[in-house]
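Because only heavy atoms are used, hydrogens play no part in the values below, and waters and symmetry mates are left out as well, while side chains stay in.
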Amino acid sequence: MSFISRFNPKPAVADFWTEFSRPQPYRVPILLASCAATGLLIFSFTQEKVVLPPERPEVTYITSFAPGRTDEEIRAANVANQERQDAIAAAIEAREERKRELYRALGRASGMDVDAMEAEIEAERAAEAAREEAGTSPETSAPDTAANGDADTGPR
(Lines give C-alpha, C1' and ligand atoms only; values in the text may rest on other atoms or scores of the structure.)
Protein backbone atom coordinates (compact mmCIF):
# COMPACT_ATOMS: atom_id res chain seq x y z
CA MET A 1 0.00 0.00 0.00
CA SER A 2 2.94 2.32 0.49
CA PHE A 3 3.57 2.17 -3.29
CA ILE A 4 0.19 3.80 -4.04
CA SER A 5 0.64 6.50 -1.41
CA ARG A 6 4.14 7.21 -2.63
CA PHE A 7 3.14 7.85 -6.27
CA ASN A 8 -0.27 9.36 -5.71
CA PRO A 9 -0.77 12.32 -8.08
CA LYS A 10 -3.56 13.90 -6.00
CA PRO A 11 -1.28 15.92 -3.67
CA ALA A 12 0.82 17.07 -6.66
CA VAL A 13 -2.25 18.34 -8.53
CA ALA A 14 -3.51 20.09 -5.39
CA ASP A 15 -0.14 21.75 -4.90
CA PHE A 16 -0.04 22.87 -8.56
CA TRP A 17 -3.54 24.33 -8.31
CA THR A 18 -2.65 26.23 -5.12
CA GLU A 19 0.35 27.87 -6.83
CA PHE A 20 -1.50 28.46 -10.09
CA SER A 21 -4.52 30.07 -8.46
CA ARG A 22 -2.44 32.66 -6.58
CA PRO A 23 -2.63 36.05 -8.24
CA GLN A 24 0.48 36.76 -10.34
CA PRO A 25 0.74 39.27 -13.24
CA TYR A 26 2.93 37.06 -15.50
CA ARG A 27 1.01 33.82 -15.06
CA VAL A 28 -0.77 33.82 -18.45
CA PRO A 29 2.24 34.91 -20.59
CA ILE A 30 4.49 32.33 -18.93
CA LEU A 31 1.84 29.65 -19.40
CA LEU A 32 1.40 30.58 -23.09
CA ALA A 33 5.18 30.66 -23.68
CA SER A 34 5.57 27.26 -22.03
CA CYS A 35 2.75 25.77 -24.08
CA ALA A 36 4.12 27.32 -27.28
CA ALA A 37 7.64 25.95 -26.68
CA THR A 38 6.28 22.50 -25.86
CA GLY A 39 3.91 22.57 -28.83
CA LEU A 40 6.69 23.68 -31.18
CA LEU A 41 8.92 20.87 -29.96
CA ILE A 42 6.19 18.26 -30.38
CA PHE A 43 5.25 19.70 -33.80
CA SER A 44 8.86 19.49 -35.01
CA PHE A 45 9.03 15.80 -34.07
CA THR A 46 5.75 14.98 -35.77
CA GLN A 47 6.79 16.51 -39.11
CA GLU A 48 9.02 13.65 -40.18
CA LYS A 49 9.85 13.65 -43.87
CA VAL A 50 10.80 10.45 -45.60
CA VAL A 51 12.49 10.75 -48.97
CA LEU A 52 11.82 7.69 -51.04
CA PRO A 53 14.28 6.52 -53.64
CA PRO A 54 13.22 7.52 -57.16
CA GLU A 55 11.21 5.07 -59.16
CA ARG A 56 13.10 3.01 -61.68
CA PRO A 57 12.70 4.57 -65.10
CA GLU A 58 10.95 2.62 -67.78
CA VAL A 59 13.48 2.21 -70.56
CA THR A 60 12.26 2.16 -74.13
CA TYR A 61 14.85 0.94 -76.56
CA ILE A 62 14.84 2.46 -80.01
CA THR A 63 16.23 0.01 -82.49
CA SER A 64 17.40 1.15 -85.88
CA PHE A 65 18.06 -2.36 -87.12
CA ALA A 66 15.64 -5.14 -87.77
CA PRO A 67 15.72 -7.48 -84.78
CA GLY A 68 15.83 -10.64 -86.92
CA ARG A 69 18.83 -9.76 -89.12
CA THR A 70 21.06 -12.58 -90.27
CA ASP A 71 24.83 -12.53 -89.97
CA GLU A 72 25.10 -12.08 -93.74
CA GLU A 73 22.90 -8.97 -93.63
CA ILE A 74 25.04 -7.58 -90.81
CA ARG A 75 28.25 -8.20 -92.79
CA ALA A 76 26.74 -6.54 -95.89
CA ALA A 77 25.70 -3.51 -93.83
CA ASN A 78 29.19 -3.29 -92.29
CA VAL A 79 30.84 -3.45 -95.74
CA ALA A 80 28.52 -0.75 -97.10
CA ASN A 81 29.22 1.44 -94.06
CA GLN A 82 32.99 0.96 -94.46
CA GLU A 83 32.76 1.95 -98.13
CA ARG A 84 30.89 5.12 -97.12
CA GLN A 85 33.52 5.92 -94.48
CA ASP A 86 36.32 5.37 -97.01
CA ALA A 87 34.58 7.68 -99.50
CA ILE A 88 34.22 10.37 -96.81
CA ALA A 89 37.89 10.02 -95.83
CA ALA A 90 38.96 10.26 -99.49
CA ALA A 91 36.85 13.39 -99.97
CA ILE A 92 38.38 14.98 -96.85
CA GLU A 93 41.89 14.10 -98.02
CA ALA A 94 41.17 15.55 -101.50
CA ARG A 95 39.93 18.77 -99.86
CA GLU A 96 43.03 18.96 -97.67
CA GLU A 97 45.31 18.39 -100.68
CA ARG A 98 43.48 21.12 -102.61
CA LYS A 99 43.96 23.44 -99.64
CA ARG A 100 47.70 22.62 -99.52
CA GLU A 101 47.99 23.32 -103.26
CA LEU A 102 46.34 26.72 -102.80
CA TYR A 103 48.72 27.57 -99.95
CA ARG A 104 51.69 26.45 -102.08
CA ALA A 105 50.53 28.71 -104.92
CA LEU A 106 50.09 31.60 -102.48
CA GLY A 107 53.57 30.99 -101.03
CA ARG A 108 55.18 30.89 -104.47
CA ALA A 109 53.34 34.08 -105.46
CA SER A 110 54.64 35.73 -102.28
CA GLY A 111 58.20 34.72 -103.12
CA MET A 112 58.64 32.04 -100.45
CA ASP A 113 60.62 28.85 -100.91
CA VAL A 114 57.70 26.45 -100.46
CA ASP A 115 59.70 23.31 -101.19
CA ALA A 116 62.22 24.10 -98.42
CA MET A 117 59.41 24.84 -95.98
CA GLU A 118 57.71 21.51 -96.78
CA ALA A 119 61.01 19.66 -96.33
CA GLU A 120 61.50 21.33 -92.94
CA ILE A 121 57.96 20.44 -91.86
CA GLU A 122 58.45 16.84 -92.98
CA ALA A 123 61.72 16.66 -91.01
CA GLU A 124 59.95 17.96 -87.90
CA ARG A 125 57.19 15.35 -88.32
CA ALA A 126 59.77 12.58 -88.72
CA ALA A 127 61.63 13.77 -85.60
CA GLU A 128 58.35 13.86 -83.65
CA ALA A 129 57.46 10.35 -84.84
CA ALA A 130 60.92 9.14 -83.78
CA ARG A 131 60.48 10.73 -80.34
CA GLU A 132 57.08 9.08 -79.94
CA GLU A 133 58.56 5.74 -80.97
CA ALA A 134 61.38 6.19 -78.45
CA GLY A 135 58.87 7.17 -75.76
CA THR A 136 60.12 10.67 -74.99
CA SER A 137 58.12 13.85 -75.14
CA PRO A 138 59.24 16.99 -77.00
CA GLU A 139 59.63 18.86 -73.68
CA THR A 140 62.20 16.40 -72.33
CA SER A 141 64.29 16.16 -75.48
CA ALA A 142 67.06 18.71 -76.07
CA PRO A 143 66.17 21.48 -78.54
CA ASP A 144 68.09 21.50 -81.80
CA THR A 145 69.45 25.06 -81.71
CA ALA A 146 72.42 24.47 -84.04
CA ALA A 147 70.15 23.62 -86.98
CA ASN A 148 68.54 27.05 -87.11
CA GLY A 149 71.61 29.11 -86.18
CA ASP A 150 70.56 30.04 -82.64
CA ALA A 151 73.44 28.24 -80.91
CA ASP A 152 74.93 30.13 -78.02
CA THR A 153 78.62 30.65 -78.71
CA GLY A 154 79.44 32.23 -75.38
CA PRO A 155 79.78 35.80 -74.11
CA ARG A 156 79.99 38.58 -76.69
Side-chain angles (χ1 to χ4, degrees), residues 7 9 12-13 16 19-20 24-156:
F7 293 107
V13 170
F16 172 75
E19 291 298 319
F20 188 72
Q24 186 179 14
Y26 301 113
R27 175 179 51 194
V28 173
I30 289 174
L31 180 65
L32 291 177
S34 299
C35 290
T38 305
L40 185 64
L41 187 66
I42 291 172
F43 179 76
S44 66
F45 284 126
T46 60
Q47 299 301 313
E48 180 180 356
K49 294 180 181 174
V50 177
V51 179
L52 297 176
E55 294 181 18
R56 291 184 57 97
E58 185 177 319
V59 179
T60 304
Y61 293 99
I62 300 173
T63 58
S64 56
F65 300 115
R69 293 188 315 157
T70 64
D71 288 344
E72 200 55 46
E73 290 173 333
I74 293 172
R75 283 188 199 96
N78 287 347
V79 168
N81 185 38
Q82 188 60 46
E83 289 172 356
R84 266 195 314 272
Q85 294 299 321
D86 291 343
I88 290 170
I92 290 173
E93 183 59 34
R95 232 178 296 144
E96 292 293 324
E97 185 58 36
R98 172 75 176 136
K99 201 185 307 182
R100 284 191 288 271
E101 285 298 324
L102 290 173
Y103 279 119
R104 285 184 195 114
L106 179 65
R108 286 189 184 98
S110 300
M112 296 182 193
D113 188 7
V114 178
D115 298 324
M117 291 171 69
E118 284 183 353
E120 184 179 329
I121 290 170
E122 189 59 39
E124 286 177 8
R125 285 185 185 152
E128 185 177 326
R131 276 195 303 268
E132 286 179 7
E133 183 127 344
T136 61
S137 64
E139 294 82 25
T140 58
S141 63
D144 187 15
T145 56
N148 57 10
D150 294 337
D152 188 22
T153 57
R156 296 183 188 184

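For the pair Arg125 and Glu128, the salt-bridge criterion is not met [side-chain N within less than 4.0 Å of a carboxylate O].
For the pair Thr38 (side chain) and Cys35 (backbone), a donor-acceptor distance under 3.5 Å is absent.
Remark: the Asp86 side chain and the Gln82 side chain contain an N/O donor-acceptor pair separated by less than 3.5 Å.
Nearest heavy atom pair, residue Asp115 against residue Arg108, reads OD1-NH2, 3.4 Å. Taking both residues in full, the closest heavy atoms of Glu73 and Gly68 are given as OE1-O, 4.4 Å, listed atom of the first, atom of the second, then distance.
For the atom pair Glu118 CD and Arg100 CZ, the distance stands at 8.5 Å (nearest 0.5 Å). Atom NZ of residue Lys99 and atom CD of residue Glu96 lie 4.0 Å apart, to the nearest 0.5 angstrom. Here the CD atom belonging to Glu97 is positioned 5.0 Å from the CZ atom belonging to Arg104, to the nearest 0.5 angstrom.
Evaluation of the side-chain hydrogen bond (donor to acceptor under 3.5 Å, both in side chains) rule for Arg84 yields Asn81 as partners, not counting sequence neighbours. Applying the side chain to side chain contact (heavy atoms under 4.5 Å, CB included) rule to Glu120 yields the partners Glu124; only residues at least two apart in sequence or on another chain are considered.
Heavy-atom neighbours of Glu101 CD from other residues, nucleotides or ligands within 6.0 Å: above the threshold of 12.
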